[in-house]
Amino acid sequence: MISIDMIKNDQEKVERAIEKRGMKIDFKPLFELDSKRRELLNKVDVLKSKRNQESAKVPALKKEGKDCSEIFKEMKMLGEEISSLDEQVSKVEEEIFNFLAPIPNLVDEDVVPGGKEANQEIRSFGEKPTFSFEPLSHIDLCKINGFIDYQAGAKLSGNGHWIYTGEGAELEWALINYFINQHLEDGYKFILPPHMLGYKCGFIAGQFPKFDDEVYWLDEKSKTGKFLLPTAETPLASMYQDSIIPEQELPIKMFAYTPCYRREAGSYRTEERGMIRGHQFNKVEMFQITTPEGSDAAFEELVSKAEKLVKGLGLHFRTTKLAAEDVSATMARTYDIEIWIPSMGIYKEVSSASNARDYQARRGNIKYRDSKTQKTLFVNTLNASGLATSRLFPALLEQYQNEDGTIRVPEVLQPFMRGKTVIGKGK
RNA sequence: GGAGAAGUACCCAAGAGGUCGAAGGGGCUCCCCUGCUAAGGGAGUAGGCUUGUAAAAGGGCGCGAGGGUUCAAAUCCCUCCUUCUCCGCCA
């Protein structure tokens, strides 16, 4: 959420940032609402002040045995005026909220305008692997090795669901453990949040109201109902809602492992077979809460942590800085770490690292107390996957396959697989 | 799922329609005393949001949240949330 003050202070800057997303917003109605609100508040506050003063006199008058009915009559009329004005105030405030809430975050100055085509690769690691034999796709590799049971998954839950079986499940779990271990070593706090969340979490994280159709609602979609988390970012962003964090506790560094549940309605189903896009996938999510001054460094840290994980697996990837239209509405900047999937001949996102600046903090009223001024200020929130397995797993199988269809286990995963160096029974 | 009780400031807690920005205690801060420590004495310790302004002064809101009754609500009524206790259910 952006604020009226941000717009007032530098309207040009705000407009520039929004234009980069290919949008245009006329703020005039907002300013009108704002001055109307002030006007109403000034009026009603004077009346309330008068009511308070008069009411304070009553006990003394009563003690003297004087008649107060005249005052009561007058105050009753005042009271009616007050409640009518109060009503107008809350209506205007609601309109202001409805105006501001859907406005996307302001992208950083250095984020270029445009869509996907304007994304810039900022660095890459490793090379596209070459094979001396005809490599198999991860789908075939899973089938011959019995890592994944797609058919049974579909039987249980329909399209977009799969079952990790045997060494496939072991590999999946080893990946998750490898991530968790790295984050613990880096001093991040381990969080296991609930998977069923209330509406407000979705609002704070910025997914609602726009994307409230893309999550699974456990009952009917409503402000009181619960939905299954689409990413652990949603609960992590909401953990500190309505609180003031002492500055010395910042930055807060944490991570969570959860499955992610997504409807993925209208996705590119044919291209994305296998586990590229499913309704449930595993992800470890990193999250940081920082001061505004600390958030750039935190962002770099998150990106490099995600890169380190992929590097550790020895997988070829590139890091891309997203152009404005590709940055999600909640975020000011996003870097994607994309991994090479040989059978598809494309890079797929395994981590998305973003700085929300104070956008989520405003939505969730998350503040910190500045140690010098003692003032309360909004925190910055940042998140990055670290990592999602559903793209990593296929890339790993394909990049680590042997000619006989077995899979070499990357060294970093071996400790989590009881020392195994090769998995699968092969062709 | 059912029944009951409770939610007041950093913590505990009084408060039962008007002078309650809310008693008291603990904690914390400062000072005094005691050669250290323990103990004692004194003073201070409500914020958050908002309005207003050049800055201020001043004003509004505030006792879990939201409504309502009333001239007036921490206090009465309703709804919701949370916590605790008891009962039920047991993956």
Side-chain angles (χ1 to χ4, degrees), chain A residues 1-9 30-101 156-157 192-204 218-220 222-228 235 238-249 259 358 361-379:
Chain A
M1 189 122 128
I2 68 168
S3 71
I4 295 183
D5 286 340
M6 289 164 81
I7 303 164
K8 277 189 182 163
N9 289 344
L30 179 68
F31 294 141
E32 275 162 21
L33 286 169
D34 182 52
S35 49
K36 189 165 175 204
R37 173 174 168 272
R38 283 160 200 276
E39 203 181 292
L40 288 167
L41 275 178
N42 286 334
K43 228 192 262 180
V44 75
D45 283 356
V46 170
L47 298 183
K48 281 179 179 172
S49 167
K50 189 169 176 206
R51 179 171 69 181
N52 289 345
Q53 278 175 25
E54 293 300 314
S55 288
K57 290 181 196 159
V58 169
L61 290 173
K62 275 201 166 173
K63 220 176 223 170
E64 291 170 34
K66 288 196 178 142
D67 175 34
C68 300
S69 57
E70 212 35 56
I71 297 185
F72 290 168
K73 223 199 271 172
E74 209 177 305
M75 288 304 105
K76 189 173 173 80
M77 277 161 62
L78 236 191
E80 274 158 19
E81 211 174 326
I82 287 171
S83 42
S84 131
L85 283 168
D86 269 344
E87 225 167 276
Q88 293 179 55
V89 169
S90 39
K91 214 178 122 204
V92 169
E93 287 183 340
E94 199 189 323
E95 283 176 57
I96 291 174
F97 178 86
N98 289 339
F99 191 103
L100 289 172
L156 298 192
S157 313
L192 289 170
H195 298 181
M196 300 173 230
L197 305 172
Y199 185 91
K200 199 165 176 205
C201 294
F203 175 79
I204 292 170
L218 293 167
D219 25 55
E220 82 293 358
S222 71
K223 298 245 156 113
T224 50
K226 290 198 185 76
F227 63 94
L228 287 174
S238 301
M239 268 177 72
Y240 288 87
Q241 65 183 85
D242 293 317
S243 51
I244 299 169
I245 305 166
E247 189 183 338
Q248 53 283 14
E249 283 177 29
D358 62 3
R362 285 179 189 279
R363 289 169 94 88
N365 190 27
I366 311 167
K367 299 190 157 186
Y368 73 99
R369 192 175 299 282
D370 184 84
S371 54
K372 287 190 202 83
T373 62
Q374 291 301 101
K375 287 221 168 88
T376 61
L377 303 166
F378 287 109
V379 298

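Letters go in sequence order (proteins before strands), and every chain restarts at 1. Below, each value reflects all heavy atoms present in this structure, side chains not excepted, and no hydrogens, waters or symmetry copies.
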So which nucleotide does [N] pair with, by the Watson-Crick or G-U wobble rule with both distances under 3.5 Å?
N      : result
C76(B) : G68(B)
C10(B) : G26(B)
G40(B) : C32(B)
G4(B)  : C84(B)

Can you measure [X] atom [atom1] to [N] atom [atom2] for me and round it to whole angstrom units?
X       : N      : atom1 : atom2 : value
F72(A)  : G17(B) : CZ    : P     : 16 Å
D86(A)  : U50(B) : CG    : C1'   : 13 Å
I96(A)  : U51(B) : CD1   : C1'   : 13 Å
L47(A)  : G59(B) : CG    : P     : 16 Å
M75(A)  : U69(B) : CE    : C1'   : 19 Å
E39(A)  : U51(B) : CD    : P     : 14 Å
Q241(A) : C81(B) : CD    : P     : 16 Å
L41(A)  : C49(B) : CG    : P     : 16 Å

Phosphate-side-chain proximity, [X] and [N], N/O vs OP1/OP2 below 4.0 Å:
X       : N      : result
R369(A) : G48(B) : yes
T376(A) : C49(B) : yes
R37(A)  : U51(B) : yes
R38(A)  : G52(B) : yes
N52(A)  : G60(B) : yes

Backbone N or O of [Y] within a donor-acceptor pair of the [X] side chain at under 3.5 Å?
X      : Y      : answer
R51(A) : M75(A) : no
N42(A) : R38(A) : yes
S3(A)  : M6(A)  : yes

task = Pick base, sugar-phosphate or nothing for K367(A), based on heavy-atom distances below 4.0 Å to the nucleic acid.
result =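 Sugar-phosphate: the residue K367(A), judged by heavy atoms under 4.0 Å, touches backbone atoms but no base.
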message = Using a 4.0 Å heavy-atom cut-off, does I71(A) contact any base of the nucleic acid, only the sugar-phosphate backbone, or nothing at all?
response =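 Nothing, no nucleic acid heavy atom in range.
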For nucleotides [N] and [M], find the distance between their [atom1] atoms and express it as a whole number of Å.
N      : M      : atom1 : value
G58(B) : U53(B) : C1'   : 10 Å
C71(B) : G24(B) : P     : 34 Å
A72(B) : C84(B) : C1'   : 35 Å
U75(B) : G68(B) : P     : 14 Å
C11(B) : C86(B) : P     : 26 Å
G64(B) : G48(B) : C1'   : 15 Å
C61(B) : A73(B) : P     : 9 Å
A55(B) : A23(B) : C1'   : 38 Å

task = Answer yes or no: does atom CD of E93(A) have more than 12 heavy-atom neighbours from other residues, nucleotides or ligands under 6.0 Å?
result =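 Enclosed: over 12 neighbouring heavy atoms sit under 6.0 Å from CD of E93(A).
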key: K73(A) atom NZ, over 12 foreign heavy atoms within 6.0 Å   =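 Count not over threshold, so no.
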request  = Just compare U50(B), C61(B), C71(B) and give me whichever is closest to any side-chain atom of K48(A).
outcome  =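 When the side chain of K48(A) is considered, C61(B) is the closest of U50(B), C61(B), C71(B).
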key: Selected nucleotide, minimal atom distance to S55(A) side chain, candidates U51(B), G48(B), G18(B)   =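 Taking heavy atoms from C-beta onward, the closest nucleotide is G18(B).
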message = Does D45(A) contact G59(B) through a side-chain donor or acceptor facing the base, at a distance under 3.5 Å?
response =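 Between G59(B) and D45(A), which were checked side chain against base, a qualifying N/O pair under 3.5 Å is present.
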ask   = Is D358(A) close to L377(A) at the side-chain level, that is, under 4.5 Å between some pair of heavy atoms?
value =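 L377(A) vs D358(A): side chains apart.
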Closest-nucleotide ordering on RNA chain B, the 5'-leading residue of N42(A) and K50(A) =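 Comparing both residues, the 5'-ward one is N42(A).
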Given RNA chain B, 5'-ward residue of the pair A56(A) and V46(A), judged by closest heavy atom =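 In this pair, the answer is A56(A).
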Assigned glycosidic conformation for G62(B) [threshold 90° from 0] =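 This nucleotide is in syn.
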message = For L47(A), run the side chain to side chain contact (heavy atoms under 4.5 Å, CB included) check against D86(A), L78(A), N52(A) and tell me which one passes.
response =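 Testing each of D86(A), L78(A), N52(A) against L47(A), the sole residue satisfying side chain to side chain contact (heavy atoms under 4.5 Å, CB included) is L78(A).
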